[in-house]
Amino acid sequence: MENIKIFTQLISTELHLPEHGVENTLKLLDEGCTIPFISRYRKERTGGLDEVQITAISDRSERLKEIAKRKETILKTIDEQQKLTPDLKKRISDCWDLTTLEDIYLPYKPKRRTRAQVAREQGLEPLATILLMQREPNPERAAQRFVRGDVSDIATALRGAQDIIAEQVSEDEHSRNQVRSAFRREAFIESKVIKAKKDTDEAQKYSDYFEWEEPLKRCSSHRLLAMRRGESEGILRVSLTIDDEEAVSRLLRNYVRGQGGCQRLVAEAVEDGYKRLLLPSIETEFANLSKERADKEAIKVFSENLRQLLLSAPLGQKRVMGIDPGFRTGCKVVCLDAQGNLLHHEAIFPHPPVNHRMQATVHLQEMLKKFQIEAIAIGNGTASRETKDFVTESLTESAPAVYVVSEDGASVYSASKVARDEFPDEDVTVRGAVSIGRRLMDPLAELVKIDPKSIGVGQYQHDVDQTQLKHSLDQTVESCVNMVGVNLNTASQHLLTYISGLGPTLAQNIVNYRKENGAFTSRAQLKKVPRLGPAAYQQCAGFLRIPDAKNPLDNSAVHPESYAVVEQMAKDCHCTVSDLINKKELREKIDIQRYVTKEIGLPTLTDIMKELEKPGRDPREQIEEFEFDASVQTVEDLREGMELPGIVTNITNFGAFVDIGVHQDGLVHVSQMADRYVSDPTQVVHLHQHVRVRVIDIDLRRNRISLSMKGMK
């Protein structure tokens, strides 16, 4: 890879990581290795860098590649103008900061026909130089010499010269950096409501920002994104401001020396250049930079929430009843076998307006018995509380456990091509209920079928940079799938797509091979899958599991390239690999130092020993049952001071939303999360955590509930 030494130094310095690890990571990425594979199986080469660090190296490398391409374009453009001096070429070649690079390029950048360009075409550049030198006692007399052609009089000549000076000021690196420094230090963001929209219903959600002002550097990402959304909806007017008089005064000190006619004209040009050209340019730059920072923070929160959701505790392979609750249209009920296959579906109507409660109870009990249901999953949408109460009342003492499951995105899945392919003969309501049931069994396997933006664990996801959001969320999904690993014989094509080294085509080829040849009995069989070559096999094999395989290592995270060392360990202990896995006393006899080679070091050997202890272990937590407070059903039932159980449904950088069973989530603001200062809500709570909260405010007009976790256990 070109520039690898430069990239290594830049990334190492920026991320405070050792150069050796950064360089080897860049080489591995360039060889086509995936981030999960590098972090799990190439620790010797990276120096033990984790997935977060490797992701940061990868992202920064892509950014530097973009800058390298931009430099090529800039050098070519300036060279074509025959203005590329050796010093300028070196300056551009050595620059790896995009803002500085664009400042260097600005005077050479092809422009639309500006006022300054027109003045240059009229031959007024020498007059601008005379004014800037500030030695001419009578600028009007000097301007007389330039009155010709389109320059009809002295005033026109002087205005044209001032336009040239104004543009030079706006393109000067030092001037731009001066104004940037002012924005960095003192810029304020102001938000005002557009008067015509103030009393409209849609404006009320932005009422906090009708008259708002704060330092830009203190503006949190959620406030900035809220203001920008209000601006895009035509409700707010948002601007960035600095002390213009002070900024102009600083610029004048750079350009004006002494007093006189030339000095006055130059001062006017400097002020015009600042207000007309420089200020709007830097204001736009800082608006974009602040938006990028806010996007980055929002995407980070969204990605972390998605990670927690994907790694939610699975129930496992049980026979499950999935219920998509509803009032008028009834509750759609599906019964699934332990592999998630649809066995039966029907609708029951226990709620108003139909109110066939007795009939619904009989049907429910019949289904539970006939299909030997072991657990019940109820969607958390409309009629969820009422349906859970009905189901609980209908069950006998030995009935299965009941769980409330997030149904965010289930409707998106039910109308998707993936769902149509899975259930071509069923309607969207059946597919949605199946999704709810399967989410209880294995949230990860089901949620990967849905566009992450539709899962409902982010804020302002439609306002942030969509390319960056998709990139981050895809990385998160890939990371989670590979962390857990998948069953090679039951995984869907969609789930296999996210396995390291595969992708849609190879995933489909694996599914097709399974259909034609039956279940895989060894990882080595993957080599027979069409188009799955040695490189793809190396990347994917360690993340695919085969329960009950002849070789027990095929159901572990031990990579096939390390099988030989495990077999040698077993040979040295005079036992089988299965014995090593099953007998702790045998593993304790192994001195892993004896097995260190050039290819396999202590990090890999340590990982192997952990895997032999619990092969194929699932890193996810155990699932827990939950009950809302039975005395609280609606917002009207709430009273300040009430202490209630709740489930964390979403986390933002300003707090956490908690479902307390009243069809409207309450907000635990970051200041109410603990009896100490909290800067990051994810350090206190995680998605779907069961918590206790206290009601501190109820705003029925804006449909807002404020909660506190202070002093709660």
Side-chain angles (χ1 to χ4, degrees), residues 98-99 102 170 175-248 251 271-302 453 458-469 472 650 652-655 657 667 669-671 699 701-704:
L98 195 56
T99 301
E102 295 297 342
S170 74
S175 299
R176 295 180 73 80
N177 284 328
Q178 270 194 318
V179 178
R180 275 195 194 100
S181 294
F183 267 84
R184 222 171 269 121
R185 285 192 316 270
E186 62 194 54
F188 272 75
I189 184 166
E190 295 180 353
S191 170
K192 297 183 185 299
V193 67
I194 294 172
K195 289 182 180 178
K197 298 288 185 74
K198 184 174 183 179
D199 297 321
T200 62
D201 289 339
E202 61 264 29
Q204 291 312 302
K205 60 186 174 183
Y206 299 108
S207 59
D208 290 344
Y209 303 104
F210 282 1
E211 289 292 331
W212 181 266
E213 178 184 278
E214 68 175 314
L216 179 62
K217 61 186 176 184
R218 292 185 194 163
C219 183
S220 64
S221 65
H222 67 272
R223 288 200 297 273
L224 190 138
L225 290 170
M227 285 185 263
R228 291 300 182 191
R229 179 187 282 181
E231 181 182 43
S232 67
E233 292 179 5
I235 293 166
L236 303 175
R237 185 174 290 110
V238 181
S239 60
L240 303 182
T241 61
I242 59 171
D243 186 334
D244 291 334
E245 286 187 18
E246 179 60 29
V248 170
L251 289 174
E271 187 165 357
D272 174 54
Y274 169 77
K275 290 182 177 176
R276 181 168 58 85
L277 303 171
L278 187 49
L279 179 62
S281 172
I282 302 300
E283 182 180 349
T284 300
E285 182 182 305
F286 270 76
N288 291 338
L289 282 172
S290 60
K291 173 69 163 52
E292 283 175 20
R293 280 195 294 270
D295 283 2
K296 189 175 180 181
E297 185 62 33
I299 290 170
K300 179 184 174 185
V301 171
F302 196 163
K453 286 189 293 185
Q459 278 220 317
Y460 305 106
Q461 57 259 46
H462 301 294
D463 301 289
V464 301
D465 184 297
Q466 296 301 293
T467 302
Q468 290 294 324
L469 177 62
S472 179
N650 200 359
T652 70
N653 56 6
F654 57 85
F657 288 92
L667 172 65
H669 189 267
V670 66
S671 62
D699 185 341
R701 181 171 178 269
R702 294 200 290 177
N703 209 24
R704 291 183 179 179

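Every heavy atom of this structure was used, including side-chain atoms; hydrogens, water molecules and symmetry mates were not. Since the model is a prediction, treat every value here as computed from it, not as a measurement.
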Name all residues meeting the side chain to side chain donor-acceptor pair (under 3.5 Å) criterion together with [X]; count only those two or more places apart in sequence or in a different chain, and write none if there are none.
X: Asp699; answer: Arg702
X: Glu271; answer: Lys275
X: Asp465; answer: none
X: Ser290; answer: none

Q. Checking side chain to side chain contact (heavy atoms under 4.5 Å, CB included) for the pair Val238/Ile189: CA distance, chi angles, key distance, verdict?
A. CA-CA 7 Å; Val238 181; Ile189 184 166; 3.9 Å; yes
Q. Who pairs with Leu667 by side chain to side chain contact (heavy atoms under 4.5 Å, CB included), at least two apart in sequence or on another chain?
A.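 Partners of Leu667 by the side chain to side chain contact (heavy atoms under 4.5 Å, CB included) criterion, ordered by chain and then number, come out as Phe654, Phe657.
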Looking only at heavy atoms, what is the nearest atom pair of [X] and [Y], with distance?
X: Ala298; Y: Ser221; result: N-OG, 4.5 Å
X: Val179; Y: Ile242; result: CG1-CD1, 4.4 Å
X: Gln466; Y: Gln461; result: NE2-O, 2.8 Å

Between side-chain atoms of residues 280-288 and protein atoms elsewhere (two or more places apart, or another chain), which donor-acceptor pairs fall under 3.5 Å?
{"unit_1": "Ser281", "atom_1": "OG", "unit_2": "Arg176", "atom_2": "NH2", "d": "2.9"}
{"unit_1": "Glu283", "atom_1": "OE2", "unit_2": "Leu240", "atom_2": "N", "d": "3.3"}
{"unit_1": "Thr284", "atom_1": "OG1", "unit_2": "Pro280", "atom_2": "O", "d": "2.8"}
{"unit_1": "Glu285", "atom_1": "OE1", "unit_2": "Arg180", "atom_2": "NE", "d": "3.4"}
{"unit_1": "Glu285", "atom_1": "OE1", "unit_2": "Arg180", "atom_2": "NH2", "d": "3.1"}
{"unit_1": "Glu285", "atom_1": "OE2", "unit_2": "Arg180", "atom_2": "NE", "d": "2.5"}
{"unit_1": "Asn288", "atom_1": "ND2", "unit_2": "Thr284", "atom_2": "O", "d": "3.3"}

Q: Working to the nearest 0.5 Å, report the span between NE2 of His462 and CG of Leu469.
A: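 Atom-to-atom, His462:NE2 and Leu469:CG are 9.0 Å apart.
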**Q.** Interatomic distance, Ser175 atom OG to Leu277 atom CG [nearest 0.5 angstrom]
**A.**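 The OG atom of Ser175 sits 12.0 Å away from the CG atom of Leu277.
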Could you note down all residue pairs passing salt bridge (Lys or Arg N to Asp or Glu O under 4.0 Å) where [range] supplies at least one of them, sequence neighbours left out?
range: residues 235-246; result: Glu246-Arg250
range: residues 287-300; result: Lys291-Asp295
range: residues 213-228; result: Glu214-Arg223, Arg228-Glu231

Q: For side chain to side chain contact (heavy atoms under 4.5 Å, CB included), just list the numbers for Val670 and Thr652, CA-CA rounded to whole Å, side-chain angles, deciding distance to a tenth of an Å, and then say yes or no.
A: CA-CA 9 Å; Val670 66; Thr652 70; over 6 Å; no
Q) Does Leu251 reach the side chain of Leu278, with side-chain heavy atoms less than 4.5 Å apart? A)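 When only atoms from C-beta onward are counted, Leu278 and Leu251 do touch, with a gap below 4.5 Å.
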Q. Does some side-chain heavy atom of Ser181 sit less than 4.5 Å from a side-chain heavy atom of Gln178?
A.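 No, every pair of side-chain atoms sits at 4.5 Å or beyond.
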Q.
For residues 185-211, which residue pairs pass the ring-ring contact (aromatic ring centres under 6.0 Å, His included) check, not counting sequence neighbours?
A.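 Every pair satisfying ring-ring contact (aromatic ring centres under 6.0 Å, His included) with a residue in residues 185-211: Tyr209-Trp212.
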Q | Contacts of His669 that satisfy ring pair (Phe, Tyr, Trp, His ring centres under 6.0 Å) - sequence neighbours left out | A |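 Scan of His669 (ring pair (Phe, Tyr, Trp, His ring centres under 6.0 Å), adjacent residues dropped) gives none.
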**Q.** side chain to side chain donor-acceptor pair (under 3.5 Å) partners of residues 186-201, not counting sequence neighbours, each pair once
**A.**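 Counting only pairs at least two positions apart or across chains, the side chain to side chain donor-acceptor pair (under 3.5 Å) contacts touching residues 186-201 are Lys192-Glu211.
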Q: Determine, step by step, whether Lys205 and Glu233 satisfy the side chain to side chain contact (heavy atoms under 4.5 Å, CB included) criterion, reporting the C-alpha distance in whole Å, the side-chain angles of both residues, the deciding distance to 0.1 Å, and the verdict.
A: CA-CA 12 Å; Lys205 60 186 174 183; Glu233 292 179 5; 4.0 Å; yes
Q: Would you please say whether a donor-acceptor pair under 3.5 Å links the side chains of Ser220 and Asn653?
A: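 The criterion, which ignores hydrogens and geometry beyond distance, is not satisfied for Asn653 and Ser220.
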